[in-house]
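To keep things clear, I will list the structure first and then write my remarks on it.
We use all heavy atoms of the structure for the numbers below, so side chains are in, but hydrogens, waters and symmetry mates are not. No experiment lies behind these values; they were computed from the predicted model shown.
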Amino acid sequence: MAERMAVLGAGSWGIAIANLLNGNGHYIKLWEFNREDCRRLQAERMHRAKLPEIKIPESIIITDNLEEAIEGADFLILAVPTQKVRSVCESLGPLLNSPRKFVNLAKGV
């Protein structure tokens with residue numbers, strides 16, 4: 001069954017996970033916090049510096065708006081650096097109006 005998921009973090013890890021989940025039939029929104037980087041990802045559908053051979057399918061919605069990214073998502077997948085998990089979660093707090101499942105993929109210390 002297809003799930004609605006928000007992948008928070010559009011670096012190489014977030015893009016790889018978003019593509020994998022999308023390939024498995026899930027509805028994905030990918031959040032990039034930096035507006036300029038988001039616009040580039042939307043236009044090019046790839047991250048030339050980190051994953052130059054990997055295309056982001058058109059079916060993945062890319063946004064820099066956190067509220068838009070999590071709207072309707074059953075799963076919130078954190079693919080941000082470890083040192084950013086707290087601030088992203090703090091930003092999420094006021095936006096959460098229903099229970100959500102979280103998956104933390106943060107790596108590094």
Side-chain angles (χ1 to χ4, degrees):
M1 181 170 118
E3 299 278 359
R4 298 171 65 85
M5 301 180 184
V7 176
L8 307 179
S12 55
W13 189 219
I15 291 170
I17 294 299
N19 279 2
L20 173 72
L21 294 169
N22 181 74
N24 286 331
H26 300 291
Y27 177 77
I28 306 298
K29 290 182 186 175
L30 179 63
W31 175 71
E32 166 54 56
F33 77 96
N34 180 286
R35 181 167 293 204
E36 183 178 315
D37 290 345
C38 180
R39 299 298 175 256
R40 188 171 28 259
L41 287 173
Q42 289 169 330
E44 298 179 4
R45 305 305 294 185
M46 68 181 347
H47 195 308
R48 291 190 188 279
K50 295 183 179 182
L51 294 171
E53 304 288 324
I54 306 298
K55 292 293 263 181
I56 301 169
E58 292 292 331
S59 56
I60 294 176
I61 295 170
I62 304 170
T63 182
D64 64 342
N65 182 304
L66 187 57
E67 187 170 10
E68 178 186 348
I70 68 168
E71 183 181 357
D74 301 307
F75 288 87
L76 304 181
I77 300 166
L78 297 170
V80 298
T82 299
Q83 63 270 27
K84 297 295 181 184
V85 170
R86 180 186 302 264
S87 64
V88 170
C89 287
E90 287 172 348
S91 296
L92 284 169
L95 304 175
L96 298 175
N97 54 9
S98 63
R100 310 289 176 96
K101 297 173 185 126
F102 278 80
V103 178
N104 184 11
L105 302 177
K107 55 190 178 71
V109 177

* Asked: Just how far is it from atom CZ of Arg40 to atom CZ of Arg35, taken to the nearest 0.5 Å?
  -> 14.0 Å
* To do: Find out if a path of hydrophobic residues (ILVMFWY) with successive side-chain heavy-atom gaps under 4.5 Å connects Ile77 to Leu92.
  => no
* Side-chain contact, heavy-atom cut-off 4.5 Å: Ile60 with Arg45? -> yes
* When rounded to the nearest 0.5 angstrom, what is the spacing between NZ in Lys29 and CG in Leu66? -> 11.0 Å
* Test item: Cys38 and Asn65 side chains (from C-beta on) under 4.5 Å apart, heavy atoms -> no
* Asked: Which atom pair, heavy atoms only, marks the closest approach of Ala69 to Ala6?
  -> O-CB, 3.2 Å
* Asked: Mind checking whether Ile54 and Leu105 sit in one hydrophobic cluster, side chains of I, L, V, M, F, W, Y counted as touching below 4.5 Å?
  -> yes
* Please round to the nearest 0.5 Å and tell me the distance separating atom CG of Asn104 and atom CG of Leu8. => 10.5 Å
* To do: State yes or no: do Phe75 and Trp13 share one hydrophobic cluster built from I, L, V, M, F, W and Y residues joined by side-chain heavy-atom distances below 4.5 Å, directly or via other members?
  => yes
* To do: Answer yes if Leu95 and Val103 sit in the same cluster of Ile, Leu, Val, Met, Phe, Trp and Tyr residues linked by side chain heavy atoms under 4.5 Å apart, and no otherwise.
  => no
* Asked: Counting N and O atoms only, with roles assigned by atom type, does the side chain of Arg4 sit under 3.5 Å from a partner on the main chain of Asp74, one being a donor and the other an acceptor?
  -> no
* Asked: Quick one: are Arg39 and Asp64 in side-chain contact, heavy atoms under 4.5 Å?
  -> yes
* To do: Tell me, with the steps shown, if Ser87 and Val80 meet side-chain contact (heavy atoms from CB on, under 4.5 Å).
  => CA-CA 10 Å; Ser87 64; Val80 298; over 6 Å; no
When the side chains of residues 15-28 are checked against the rest of the protein, which donor-acceptor pairs come out under 3.5 Å, sequence neighbours left out?
{"unit_1": "Asn19", "atom_1": "ND2", "unit_2": "Lys55", "atom_2": "O", "d": "3.0"}
{"unit_1": "Asn22", "atom_1": "OD1", "unit_2": "Ser59", "atom_2": "OG", "d": "3.0"}
{"unit_1": "Asn22", "atom_1": "ND2", "unit_2": "Ser59", "atom_2": "OG", "d": "3.3"}
{"unit_1": "Asn24", "atom_1": "ND2", "unit_2": "Leu20", "atom_2": "O", "d": "3.4"}
{"unit_1": "His26", "atom_1": "ND1", "unit_2": "Glu3", "atom_2": "N", "d": "2.9"}

* At what distance, to the nearest 0.5 angstrom, does CZ of Arg48 lie from CD of Glu53? -> 10.5 Å
* Structure fact -> side chain to side chain contact (heavy atoms under 4.5 Å, CB included) with Trp31: of Ile62, Ile70, Val7, Val88, only one passes, and it is Val88
* To do: Assess whether atom CD of Glu68 is packed by more than 12 heavy atoms of other residues, nucleotides or ligands within 6.0 Å.
  => yes
